[in-house]
Amino acid sequence: MDWPDGHCKYVYHDDSEEARRHNSGWAMRNTNNHNVNILKKSCLGVLVCSLRCRMEESATVHLRPAICDKARKKQLGKSCPNPRCDGILELQPCRGHCGYPVTHFWRHVDGYVFFQAKGVHDHPRPEMKASAEARRHQFGTKENRHPLVGHSAPLSMSILIELFSS
DNA sequence: AGTTGCGGGAAGC
DNA sequence: GCTTCCCGCAACT
Ligand SMILES: [Zn+2]
Ligand SMILES: [Zn+2]
């Protein structure tokens with residue numbers, strides 16, 4: 001993961017796993033732009049502690065939001081992973097692109113993958129995907145599950161296509 | 001159970 | 001017409 005941020009463009013080789021799987025490190029979800037040639041994704045932000053606590057190593061709580069809407073809703077309201085904190089998890093949405101989530105664009109051409117980002121994330125990085133998966137499996141069992149705590153539940157596309165062309 | 005990409009439909013402009 | 005978001009589906013892990 002190289003955590004690209006800000007308005008930037010990169011070209012990856014097709015043999016790069018990151019590029020082939022369209023992974024930037026940020027928690028991005030697919031969004032329909034009615035263009036099969038350009039894959040668009042928007043940032044989901046990060047899960048933070050409602051009390052903004054700090055762990056021993058002065059590290060903040062910044063968990064990775066689930067991509068799936070249903071799974072993400074289940075994360076909200078769970079207790080803070082810090083055992084000495086009574087806070088609950090809440091979503092800090094991304095507003096890094098004119099008040100809206102940062103967007104990523106991926107285009108596959110020949111043996112290359114063209115990447116472009118729009119916006120600057122206004123939130124901490126979420127944990128890496130592998131870390132989030134480990135957390136899922138660790139706390140996903142009935143015995144170890146965190147208790148639920150009360151919860152109620154620009155540039156135009158035409159220009160972008162031109163930038164990507166040739 | 002969760003991730004990923006596709007695509008229909010609706011809405012704002 | 002162009003762009004964006006919402007939501008369901010299917011394939012895969
Ligand atoms: Zn906390
Ligand atoms: Zn973001």
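Throughout, a chain's letter reflects where its sequence line sits, starting with A, and its residues are numbered from 1.
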> Could you give the CZ-to-P distance, from A:Arg72 to B:dA1, as a whole number of Å?
Replying inline: 17 Å

>> What's the closest nucleotide to the side chain of A:Leu39 if the choices are C:dC6, B:dC6, B:dG2?
In response: B:dC6

> In whole angstroms, how far is the C1' atom of B:dG2 from the CG atom of A:Leu63?
Replying inline: 16 Å

> Are A:Ile67 and A:Trp26 connected in the hydrophobic side-chain network, where two residues link if heavy atoms are under 4.5 Å apart?
Replying inline: no

> Got a donor-acceptor pair under 3.5 Å from the side chain of A:Asn32 to the base of B:dG8?
Replying inline: yes

> Of all residues at least two apart in sequence or in a different chain, which pass the side chain to side chain donor-acceptor pair (under 3.5 Å) check with A:Ser131?
Replying inline: A:Glu127

> Atom NE2 of A:His97 to atom P of C:dT3: distance rounded to whole Å?
Replying inline: 14 Å

> How many Å lie between CZ on A:Arg21 and P on C:dA11, as a whole number?
Replying inline: 21 Å

> Over how many whole Å does the gap from A:Lys41 atom NZ to B:dG5 atom P extend?
Replying inline: 4 Å

> Taking the nucleotide of DNA chain C with the closest heavy atom to each, which residue, A:Asp69 or A:His34, is nearer the 5' end?
Replying inline: A:His34

> Parallel, tilted or perpendicular for A:Tyr10 and A:Tyr12, by the 30°/60° rule?
Replying inline: tilted

> Among B:dT3, B:dG5, C:dC6, which nucleotide sits nearest the side chain of A:Lys129?
Replying inline: B:dT3

> Starting at CZ of A:Arg64 and ending at C1' of B:dT4, how long is that distance when rounded to a whole Å?
Replying inline: 13 Å

>> When you measure from the side-chain N and O atoms of A:Asn35 to the phosphate of C:dC2, is any distance below 4.0 Å, counting only OP1 and OP2?
In response: no

> How close or far is atom P of B:dT4 from atom CZ of A:Arg20, stated in whole angstroms?
Replying inline: 15 Å

> C:dC6 P sits how many Å from A:Lys73 NZ, rounded?
Replying inline: 10 Å

> For DNA chain B, whose closest nucleotide is more 5', that of A:Ala66 or that of A:Val36?
Replying inline: A:Ala66

>> Please enumerate all residues that pass salt bridge (Lys or Arg N to Asp or Glu O under 4.0 Å) together with A:Arg20, with sequence neighbours excluded.
In response: A:Glu17

> From B:dA1, C:dT4, B:dC6, pick the nucleotide closest to the side chain of A:Asn30?
Replying inline: B:dC6

> Which heavy atom of A:Ala66 sits nearest a heavy atom of A:Gln75, and at what distance?
Replying inline: N-OE1, 2.9 Å

> Reckon A:Lys70 has a side-chain N or O less than 4.0 Å from the OP1 or OP2 of C:dC7?
Replying inline: no

